[in-house]
Amino acid sequence: MLKQIMIAGFGGQGIMSMGQLMVYSGMIEGKEVAWIPSYGPEMRGGTANCSVSISDDPISSPHVTEPDILIAMNNPSLDKFEMSVKNGGVIFINSSLIDRKIKRKDVKVYYISANDKATELGDVRVANMVMLGALLKIDKLVKIDSIMESLKKVLSKSKHHLLPLNAQALEIGAREIGNN
Amino acid sequence: MLKQIMIAGFGGQGIMSMGQLMVYSGMIEGKEVAWIPSYGPEMRGGTANCSVSISDDPISSPHVTEPDILIAMNNPSLDKFEMSVKNGGVIFINSSLIDRKIKRKDVKVYYISANDKATELGDVRVANMVMLGALLKIDKLVKIDSIMESLKKVLSKSKHHLLPLNAQALEIGAREIGNN
Amino acid sequence: MSKVRVTFNEELCKGCELCKNACPKGIIEMAGYINAMGYHPAKLVNPQECVGCGFCALMCPDLVIKIEKEEIK
Amino acid sequence: MSKVRVTFNEELCKGCELCKNACPKGIIEMAGYINAMGYHPAKLVNPQECVGCGFCALMCPDLVIKIEKEEIK
Amino acid sequence: MSKVLMKGNEVIGEAAIKAGCRYFFGYPITPQSELPEYLSRRLPEIGGVYLQAESEVAAINMVYGAAATGVRVMTSSSSPGISLKQEGISYIAGSELPCIIVNIMRGGPGLGGIQPSQSDYFQATRGGGHGDYYLIVLAPASVQEIADLVKKGFDLAEKYRNPVMILGDGMLGQMMEPVDFGVETSGDSFDKSWATTGKNGRKKSNIVNSLYLKPEELEVHNRELEKKYLEIKSKETMAESYLTKDAEIVVAAYGMTARIAKSAVDMAREEGIRAGVFRPITLWPYPEKELNAATVSAKGVLTVEMSLGQMVEDVKLSLNGRLPVEFYGRVGGMVPTARAIFEEIKRMSEKFGGVK
Amino acid sequence: MSKVLMKGNEVIGEAAIKAGCRYFFGYPITPQSELPEYLSRRLPEIGGVYLQAESEVAAINMVYGAAATGVRVMTSSSSPGISLKQEGISYIAGSELPCIIVNIMRGGPGLGGIQPSQSDYFQATRGGGHGDYYLIVLAPASVQEIADLVKKGFDLAEKYRNPVMILGDGMLGQMMEPVDFGVETSGDSFDKSWATTGKNGRKKSNIVNSLYLKPEELEVHNRELEKKYLEIKSKETMAESYLTKDAEIVVAAYGMTARIAKSAVDMAREEGIRAGVFRPITLWPYPEKELNAATVSAKGVLTVEMSLGQMVEDVKLSLNGRLPVEFYGRVGGMVPTARAIFEEIKRMSEKFGGVK
Amino acid sequence: MAVVFDRPKSLTDAKFHYCPGCHHGIIHRLVAEVLDELGLQDRTVGIAPVGCAVFAYDYFDVDCIEAAHGRAPAVATGVKRTRPDTIVFSYQGDGDLASIGMAEIVHAAARSENITVIFVNNAIYGMTGGQMAPTTLIGQKTTTSPLGRKSELTGYPIKVCELLATLPGATYLARTSVHDPKNVRQTKEAIKKAFQLQVEGKGFSLVEVLSACPTNWHMKPVQALDFIKNDMMNYFPLGQFKSPEEAK
Amino acid sequence: MAVVFDRPKSLTDAKFHYCPGCHHGIIHRLVAEVLDELGLQDRTVGIAPVGCAVFAYDYFDVDCIEAAHGRAPAVATGVKRTRPDTIVFSYQGDGDLASIGMAEIVHAAARSENITVIFVNNAIYGMTGGQMAPTTLIGQKTTTSPLGRKSELTGYPIKVCELLATLPGATYLARTSVHDPKNVRQTKEAIKKAFQLQVEGKGFSLVEVLSACPTNWHMKPVQALDFIKNDMMNYFPLGQFKSPEEAK
Ligand SMILES: Cc1ncc(C[n+]2csc(CCOP(=O)(O)OP(=O)(O)O)c2C)c(N)n1
Ligand SMILES: Cc1ncc(C[n+]2csc(CCOP(=O)(O)OP(=O)(O)O)c2C)c(N)n1
Ligand code: SF4
Ligand code: SF4
Ligand code: SF4
Ligand code: SF4
Ligand code: SF4
Ligand code: SF4
Ligand SMILES: [Mg+2]
Ligand SMILES: [Mg+2]
């Protein structure tokens, strides 16, 4: 089955690496994967998004316009992509930065205060991992183990001390689902 | 009627201006005219030719490949163009520089020792006018008067003293036809 | 010393700290909050100490700073 | 003075007269006839006066000139 | 005005002047150097500017700057030089500026040769530069037509705010024929309120630009260009048909080649072969309707070019399979002879023609 | 070798290395800068040379010089930069040198935008430069295919001594997918006796040149090029057909657009519409036969491009009026959605399709 | 209270898109102030480059033309030659001017085009993400000189003012910096002199401004000031390299 | 008898196509003599320009590449970077090098490409029939400056050696002339030094040779020598502008 995920937020929120970790993990698990970044027209700062496709079969189009899952890390992202999610899809909302509820009724939604949780963990930069943890709790797209393995490959040796922090963030994210 | 003339020789023999004088004259007489130069592949020196079309009606193609008349001012020109002349056409040969007779039997030919005659007149550079005189004796393409009028326009004022010399050369050329 | 007023258009500020770095009186600080662009804007902490040198404005790349002076008759 | 022979490959000559102009002995002249390219080629008029300076050859753009010298044992 | 005898290249220059063009930026290249040389004499006489740029790249960008100020401006070159101008041409098209670009084609590819050719047809009509744009491409076949089309070219350029290319071959550029320049004109009647000449009290500044970072905006811009191109396509095609009414074999050719084709058709007619010539004058937009009209009685179309076969694609696209299309071409500076074209006509007439 | 996850742009670089390419000359431009950046790290590690040229013009001429010495060499750019290379490309083609030129297309014309586009199709396939020449144009649709085609591209370039263009869009260049580079190769098996590396005892000097001042000689050269192009046309076309066997509506698209078209076709099939995708992999030579084979059961062809309609001409030329050809395009960096294409398919199927 | 410092009127209201601490903003302001002070806004045509300053046409409230990468001097020539009464300036980065546009700047100077060039030298390609520029310092790390620029491979940085100073046509050439208030003032003076000379018809003027790109230098903006002062100014000395007093 | 002067073996037997008295022939010969004397013929790759010397590939008996107009330094770079053991020289005219090819020559010098450039400055576009070059003297009549070059319109002639001398990468720069035997000898020495430095891996070398174009100067060849001596040398002083002793 093909699953397509749209991840969107500010530049600097780790949008791109969240997507890359997912496809990396998918690949480790022998799945077909694709990742496409898209930077806003602003050259500096501004918004960014990436789309992820994970599938058991070869992927026709990796260009995601009707995602199964949306991870919205900030307000403009939700505004931009809310309506594009497939009927019956799932939206994960970073409620630390997004102050509104979604309008649609035909999708499932989870509100995760990712920034707050990450700050509690001592590093706001793992907010993306919190979201990822939440997502993987709901949809077993890839295994947490694969994510950790991917992280190990993606992070340079000198940053391996951050692995436990990331693991924690994933866990916290998963736990947050319970609060929804 | 359309008449097409090919004039060929060394660069420096006044090939181009001979052709230009003819089309200029034709234009004065209200005819349709065209002149196309062609320089050899050599950048410096080498051979040059131009083609002239004079007609009472609009000229379809001014690109002359089967001339009615050929003026060959040197050996390579004759070699190159002899066979292209139309069946029944005319060839004028500068016998001062061309040491052979033509091979074809189906064309009319006139041998004019243009360089010698011009040298006799005191300026080898009017050899082209000698040839032109000969040609116009045979084919009344344009009037001698038109040629002289054209010359007046083409030559800068400071060179108008050369007009009588040119007139003489035209005359001598015409006379040379008698010797053929 | 003439009376000066230095004002910051916080919404334009990108928090680069060039003004702060340039101020000879050390009276520019970065705010704790962030503006709409997500930056901590610069602000004056002790306006009365300002000598009106204009260094802050000269260095600001984003035209955040406006300086007014009391006209001396 | 060593014995020299200066020879001109006339068929290459373009009659530019640079050799003639350069010859300190003034012994290069242009021929009355023309070569296949239509130029009056340069030639030596008083070969015995040649000092073998090679100026003619140095200036010739068309490699017309060859210079040989008697080897001095 | 009466007729004068001039070279094609010089006529481009004089016709530009007669059309009110006072600015020329170029770089020398055979076989079109008579044009810049002519203008280097003429323009200063009438208060204009002739400037030899450091390169074709600089020249086209000077044209871009000059055109932005709303004046009539021209540049010219030959094949390799036109290749160098492609980025600039794309900018001019993208920014919707009017100007005339002359290409007097020579043999290619690479350094090639300096003899006449028509092998830049694709480059001229399909946009050798990047992005979706078209030049209006005019292909004169006589010195008189050069004069007419240069004038017309400036008007079209300003009417549509689109660069216009005059496409000729070296033979046309070097040829002398009588020419009548007609009345002088200028571009004064065209709206130039968009020109960047300083605000001079205007409230909003004028901006000449082709950058639209937001894809939504760039698409809007592209669609506007598309609309313009469609309008040009529907309104501005030009072509000449010669003896095509009853022709079984129609020769499609442009520029000088078309005139040679006429001679070939004359030969064919003498032998009783019903042949005609279709000569597109606008190469873009291609006169598709005119070609179809000129071939109603045709059994086959012979495309003749001084190339390995480029316009033949437009002929095929226009006919869309309705008629067999064959090709005859000479290249590298070789010019097809009327006789050779006649032989092709004869061959095709035997292959496709009806009983005589 | 096992699969690795990489960006398309970087894969171009690594695949070139795997194919034995050790030389790269380029100039930065979005959206392909990852490629030169990657090679600026990688090439020095393996004794190769990465050189940032002063411009695209210089870069292509460095490639010309490097290719003349018989090595595998590559350059890359995006639309405006490719326009600047046109003169150099024409020289390389005219001098018959092998090399790879990458164009990761962005929106145009002019400065345009930096988002994906396919609007340099004409430029790539019709020769944006002057003269009669063709590039072999390869259009990968996945990161894996990039790796395969870059390798294949070097071989084709050397086999035919002809420049090869890899044509992709910005999306393909930025996309990450797993890739397997396969075995390493090199160009050692190809004859390089023509290369200018110093005579080294050779009797005759080698000359790399595209100048033939005599038209007779240039024509011979052009005819030889023509022969080569005909051979490439007959032997080297590549295409993929997806569900075309029974398709009534065939979508013709290349590169990323073809993959989106596949999704659209999947949607159509779900609704019982017999649709398929024809994806040319070589854009020049255009897989004409393959297209005709893929459309035997078709009632109509829909061409989809990120342009105002360029490849659609090749589709029409290939079908020569046999089938109705329609066009759907998005431009300026906008990417057609599978749904929109699906709607077009549906519309066409209603218009042309048989009873379901 | 009288406003003694505020947005110059030759700038529009548009917010700069530049990164925090990017000096393009300072330099834009200085140019606009000069246009205000010399009263030139209404007759000025600006030529925007391809580089981070590509949107200069959105910021300067004067007629503007967006030039192709490196070709601004040619575009400026086209404008000035057809409209000699306009005041024409190009605004160019170091990649734009010293790399791809080298021929155009040299020839504009050689012809002594009566234009003013604002040359923003930040020793890097800002817009495209930090590749090496012809002015990148030896040892400086960029995305295409990942181990630092090596002179053996790519030579030494080009000193544009010194190079152009060999041309009689270059009327005024100055290199300045904006790393502190004093130098900002001097930069403004240089820019003012350049425009003044153009107004007087004196020919080609260029002001090279050493400028920070904190983003691609991977430095905090304040730290970037030190890089200018210690590293850039060491290789690129400030000063006037040509002035009309000595010219021709 | 021993041959003391004859055709160098690095030239083919082909007859030059140059006009009578054109100095290209002299300069070709000198380059060939140097290649002979340094024993480089077998490892040399020559880059021919677009200009009257376009057929250089027919005359030099070494491997040759015909470059696009002005791009010879880029082509030479491509060759040298891939085959560092070859000796690479470009042979370029003043239109080729100083006009359209300005960016390429400046950057090849800036990078200190280890190549040798023979720069034939005849103050005119020879091949295309005598148009103005960037080195055309003030007052000189050409087909595109029919009333003589005017500095107000087109600036002053560019002094290439002086311009390149501002670049640390330019190892050796010399301007010579071939208007008399003494200067012919000096030109040869300069060319020899340039190649020698390349052999030693010292980087970029260029010899600018003032050269006559009798045809487009509309002078007899002998008269053209005077034009070089009196007019050209007056504006373009001969000499060494950079040499490795002082470089870097
Ligand atoms: C012909 C062309 N080549 C390359 C590019 C890509 N490009 C855009 S900006 C830029 C360099 C910008 O650097 P610089 O001029 O130093 O300006 P900065 O961004 O540093 O201010 C490049 C290479 C382009 N747009 N067009
Ligand atoms: C791109 C391009 N532009 C222009 C030309 C035409 N062209 C050929 S040679 C030449 C100038 C030659 O002058 P120079 O370099 O001084 O050499 P010279 O003939 O004087 O030795 C020009 C402009 C060309 N072939 N290609
Ligand atoms: S005007 Fe001077 S003293 Fe006042 S805040 Fe600004 S920098 Fe500080
Ligand atoms: S210099 Fe300007 S932008 Fe930077 S912190 Fe100060 S006020 Fe804000
Ligand atoms: S070698 Fe000297 S003296 Fe002898 S002919 Fe030549 S120039 Fe005259
Ligand atoms: S220099 Fe050479 S070409 Fe000239 S006249 Fe003397 S021998 Fe002949
Ligand atoms: S990338 Fe550099 S030059 Fe560009 S806006 Fe940011 S700091 Fe300024
Ligand atoms: S035109 Fe000038 S440079 Fe060219 S061959 Fe003749 S004299 Fe020499
Ligand atoms: Mg920069
Ligand atoms: Mg020259």
Side-chain angles (χ1 to χ4, degrees), chain E residues 57 79-80 82-84 86-87 90-95 105 107-115 117 119-120 122-123 126-133 209-223 225-226 229 307-308 310 313 316-317 319-322 330-334, chain F residues 57 79-80 82-84 86-87 90-95 105 107-115 117 119-120 122-123 126-133 209-223 225-226 229 307-308 310 313 316-317 319-322 330-334:
Chain E
V57 171
S79 312
I82 298 291
S83 291
L84 284 171
Q86 291 307 325
E87 188 202 25
S90 179
Y91 268 75
I92 293 174
S95 308
M105 295 176 277
L111 190 46
I114 56 174
Q115 302 296 328
S117 155
S119 55
D120 303 347
F122 278 147
Q123 188 192 52
R126 296 296 186 282
H130 59 286
D132 283 291
Y133 73 89
N209 171 44
S210 60
L211 174 67
Y212 299 85
L213 263 195
K214 295 201 180 127
E216 300 78 11
E217 291 177 7
L218 183 50
E219 183 167 57
V220 167
H221 174 60
N222 284 145
R223 293 286 180 210
L225 289 176
E226 184 180 34
Y229 298 142
S307 87
L308 292 177
Q310 302 193 7
E313 289 195 0
K316 286 184 183 166
L317 285 166
L319 298 174
N320 199 25
R322 190 171 62 76
R330 293 301 298 273
V331 277
M334 299 303 292
Chain F
V57 171
S79 310
I82 298 291
S83 291
L84 284 172
Q86 292 305 327
E87 189 202 24
S90 178
Y91 268 74
I92 293 174
S95 309
M105 295 177 278
L111 191 46
I114 57 173
Q115 301 297 327
S117 154
S119 57
D120 303 347
F122 278 147
Q123 188 192 52
R126 296 296 187 282
H130 60 287
D132 284 290
Y133 74 89
N209 172 46
S210 62
L211 174 67
Y212 299 85
L213 262 196
K214 296 200 180 128
E216 299 80 10
E217 291 176 7
L218 183 51
E219 183 167 58
V220 167
H221 174 59
N222 284 145
R223 292 290 178 208
L225 289 176
E226 184 180 34
Y229 298 142
S307 86
L308 292 177
Q310 302 194 7
E313 290 196 359
K316 287 185 181 165
L317 284 167
L319 297 174
N320 199 28
R322 190 171 63 76
R330 293 300 299 271
V331 277
M334 299 303 292

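Convention: sequence-line order gives letters A, B, ...; per-chain numbering from 1. Below, all heavy atoms of this structure are taken into account, side chains as well, without hydrogens, waters or symmetry copies. Computed from a predicted model, the values in this text were never measured in an experiment.
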Check: If you tally heavy-atom pairs under 4.5 Å against chain E, which of G113(F), G94(F), P80(F), G108(F) wins?
Finding: P80(F)
Check: Is it true that a side-chain atom of H130(F) and a backbone atom of G110(E) form a donor plus acceptor pair closer than 3.5 Å?
Finding: yes
Notebook entry, point to check: Would a 4.5 Å heavy-atom cut-off, applied to side chains only, mark N222(F) and S119(E) as touching?
Noted result: no
Checklist line | Which portion of I82(F) sits near chain E, non-hydrogen atoms under 4.5 angstrom | finding: neither
Margin query: Does any backbone or side-chain atom of S307(E) lie under 4.5 Å from a heavy atom of chain F? Answer side chain, backbone, both or neither.
Written below: both
Notebook entry, point to check: Within the distance-only criterion (no hydrogens, no angle test), does the side chain of Q123(F) pair as donor or acceptor with the backbone N or O of G128(E) below 3.5 angstrom?
Noted result: yes
Item checked: Closest heavy-atom pair and its distance - G112(F), L211(E) -> O-CD1, 3.2 Å
Next item on the list: Please state whether the side chain, the backbone, both or neither of I92(F) comes within less than 4.5 Å of a heavy atom of chain E.
Entry: neither
Note to self: Please identify, among L218(F), L319(F), V220(F), D132(F), the residue contributing the most non-hydrogen atom pairs under 4.5 Å to chain E.
What the structure shows: D132(F)
Check: What are the two closest non-hydrogen atoms of S83(E) and Q86(F), and how far apart are they?
Finding: O-CB, 3.8 Å
Next item on the list: Specify which of L308(E), N209(E), N320(E), D120(E) makes the most heavy-atom pairs with chain F at under 4.5 Å.
Entry: L308(E)
Next item on the list: Taking all non-hydrogen atoms of both residues into account, name the closest pair between Q310(F) and G131(E) and its distance.
Entry: NE2-O, 4.1 Å
Next item on the list: For residues L317(E) and E313(F), report the shortest heavy-atom separation together with the two atoms involved.
Entry: CD1-OE1, 3.5 Å
Next item on the list: Mind ranking K316(F), E217(F), E216(F), R322(F) by heavy-atom pairs under 4.5 Å with chain E and telling me who comes out on top?
Entry: E216(F)
Next item on the list: Give the member of G321(F), G333(F), S210(F) that has the highest number of heavy-atom pairs under 4.5 Å with chain E.
Entry: S210(F)
Check: With a 4.5 Å limit on heavy-atom distance, are the side chains of I114(F) and L213(E) in contact?
Finding: yes
Checklist line | Over all atoms of both residues, closest heavy-atom pair of V331(F) and E219(E) | finding: N-OE2, 3.1 Å
Check: What part of R330(F) gets closer than 4.5 Å to chain E, counting heavy atoms only: side chain, backbone, both or neither?
Finding: both
Check: So which part of S117(F) gets closer than 4.5 Å to some heavy atom of chain E, the side chain, the backbone, both or neither?
Finding: neither
